S.K.: 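So that we are looking at the same thing, I have put the structure below in structure tokens.
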Amino acid sequence: MLTGAPAIHHLLRHRWITGCRYLSAIISGFSLFIVLLLTLTSWLHKPTIKPLNPLIPLDPDLVDLTLLRNATEKNAVCLDGSLPGYHLQRGSGSGAESWVLHLQGGGWCSTVDSCSSRQETPLGSSHYMPRQALFVGILSQSSSLNPDFYNWNRVKIRYCDGGSFSGDTMVQAKNGRKLFFKGQRIWEAIIDELLSEGLGKSKQAFLTGCSAGGLATFIHCDNFRALMPKGANVKCLADAGFFLDEKDISGKRTMQSFYNEVVRLQDVGRNLPNECTKRTKPSQCFFPRELIKTIKTPFFIVNPGYDFWQIQHILVPKASDPELHWLRCKKNIHHCDSNQIYVLQGYRTSMLDALSEFQHKKDAGMFINSCYMHCQTANNITWHSPTSPRINNKTIAEAVGDWYFGRREVKDIDCPYPCNPTCYHMNFN
Ligand SMILES: *[C@@H]1O[C@H](CO)[C@@H](O)[C@H](O)[C@H]1NC(C)=O
Ligand SMILES: *[C@@H]1O[C@H](CO)[C@@H](O)[C@H](O)[C@H]1NC(C)=O
Ligand SMILES: *[C@@H]1O[C@H](CO)[C@@H](O)[C@H](O)[C@H]1NC(C)=O
């Protein structure tokens with residue numbers, strides 16, 4: 001209606017030119033009346049509670065947020081002390097006793113100041129979380145978009161602790177408020193509640209997560225399996241969670257220093273596998289390359305060889321490129337010059353090196369495509385559609401399903417950029 005107004009004015013101007021002044025006055029008066037009438041009726045019909053509006057069909061892919069009951073007494077709280085939460089859509093039919101869990105990502109905070117700012121965001125407080133989440137990709141309930149898991153119980157677990165669900169301490173912030181680093185307790189309390197919601201009777205369970213949530217999957221996978229019923233088929237998947245301990249382009253260990261700070265501030269060390277922390281310092285055990293050595297549960301790694309988060313924060317953090325030579329390239333891989341592509345190829349090679357031991361494990365699955373992306377499983381474009389990225393003509397959904405159900409061995413490694421025409425590359429412009 002509002003978008004139609006310029007067209008009406010154009011029409012009126014045209015009529016005026018042709019001389020029908022009288023008629024145009026009537027039309028403009030009438031259309032003003034209609035606009036007022038429609039505004040009034042839409043105002044009168046304005047619903048106070050959105051889901052009750054009968055005129056807008058409910059989107060079945062939107063799933064309500066559940067805040068964790070009794071979280072405060074367990075000290076399982078977000079950065080600001082608020083309740084953590086999750087979104088659950090129940091399975092049905094053959095999927096009624098199967099569960100797929102997805103841990104949300106969103107980076108980390110490593111200083112009192114940055115964690116204090118995070119308290120005012122959905123990644124640090126449930127007061128700011130959206131009340132509904134869109135379930136797409138591996139969380140989709142559509143059999144054509146999510147062929148193997150669409151009728152399972154599907155859960156998105158919200159991330160609000162800033163330490164990949166693995167800190168356990170508390171500090172005083174400068175603003176006088178407390179900062180809660182209770183990721184480990186949030187993890188335990190949410191799994192506890194889901195166990196009582198049916199997860200405790202599951203026949204198949206699949207723990208997944210993306211980015212910082214993918215890292216959490218590496219950290220909690222074996223513990224998750226230990227909590228599942230005996231005989232259940234339990235597996236894990238980390239999507240874009242294989243963060244490398246690489247030097248940046250200026251030669252600095254930016255990522256290593258950052259993980260050092262996160263682990264120290266949030267006291268993550270004691271929740272990392274003993275097997276690793278007795279061998280090396282805790283912050284090294286926050287890197288998947290070390291974590292993966294300790295994991296006994298069947299594990300799948302989905303990661304692009306040119307993970308844009310890693311390129312932008314590990315390989316070329318802002319401080320390493322003060323003259324912004326990399327700006328265009330970081331925004332769009334097609335704009336990288338040949339030297340930059342050479343550096344990116346080196347990064348992919350480092351990733352494949354870091355994965356080489358894992359690759360030879362019997363239960364291991366992997367899908368390392370050559371796309372400029374980050375997080376491809378809970379995303380409807382990249383998970384499974386006619387235009388999704390493929391390796392050997394298989395989408396990520398097909399590769400993950402083939403591996404989970406043992407239909408074939410899946411160790412899919414793409415040829416280097418720019419060989420794969422099916423890639424979906426992120427464009428920040
Ligand atoms: C929450 O706490 C109350 C009282 O302590 C208890 O009765 C109830 O079972 C608890 N609920 C959960 C989900 O733990
Ligand atoms: C993905 O979801 C968005 C938003 O719901 C929609 O516009 C788009 O068409 C979907 N794409 C595919 C490939 O399903
Ligand atoms: C690729 O897979 C699709 C089904 O997903 C199939 O229709 C097509 O024939 C396959 N293409 C090749 C080249 O194998």
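Side-chain atoms are counted along with the backbone in the values below, which use heavy atoms only and exclude waters and symmetry mates. Computed from a predicted model, the values in this text were never measured in an experiment. Position 1 is the first residue of the sequence; numbering continues from there. Counting convention: from 1, in listed order, for ligands and their atoms alike.
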S.K.: Do Ser370 and Tyr306 have side-chain heavy atoms sitting under 4.5 Å apart?
M.R.: yes
S.K.: Can you confirm whether more than 12 heavy atoms, excluding those of Lys247, are under 6.0 Å from its NZ atom?
M.R.: no
S.K.: Report yes if Thr387 has an N/O atom closer than 3.5 Å to an N/O atom of ligand 2; otherwise report no.
M.R.: no
S.K.: Would you call His87 and Thr66 a side-chain contact if the rule is heavy atoms closer than 4.5 Å?
M.R.: no
S.K.: Cut-off 3.5 Å, no hydrogens considered: what does the side-chain donor-acceptor table look like for residues 421-429, sequence neighbours left out?
M.R.:
unit_1 : atom_1 : unit_2 : atom_2 : d
Thr422 : OG1    : Arg390 : N      : 2.8
Thr422 : OG1    : Arg390 : O      : 3.3
Thr422 : OG1    : Asn420 : OD1    : 2.6
His425 : ND1    : Tyr372 : N      : 3.0
Asn427 : OD1    : Asn429 : N      : 2.9
Asn427 : OD1    : Asn429 : ND2    : 3.4

S.K.: ring-ring contact (aromatic ring centres under 6.0 Å, His included) with Phe206: which of Phe224, Phe300, Trp99, Phe149?
M.R.: Phe149
S.K.: One line per pair, note the atom names and distance for all nitrogen or oxygen contacts under 3.5 Å between ligand 3 and the protein.
M.R.:
unit_1   : atom_1 : unit_2 : atom_2 : d
ligand 3 : 2 (O)  : Asn393 : OD1    : 3.4
ligand 3 : 2 (O)  : Asn393 : ND2    : 2.4
ligand 3 : 11 (N) : Asn393 : ND2    : 2.8
ligand 3 : 14 (O) : Asn393 : ND2    : 3.2

S.K.: Which residue, Trp309, Tyr159, Phe181, Phe165, forms the ring-ring contact (aromatic ring centres under 6.0 Å, His included) with Trp108?
M.R.: Trp309
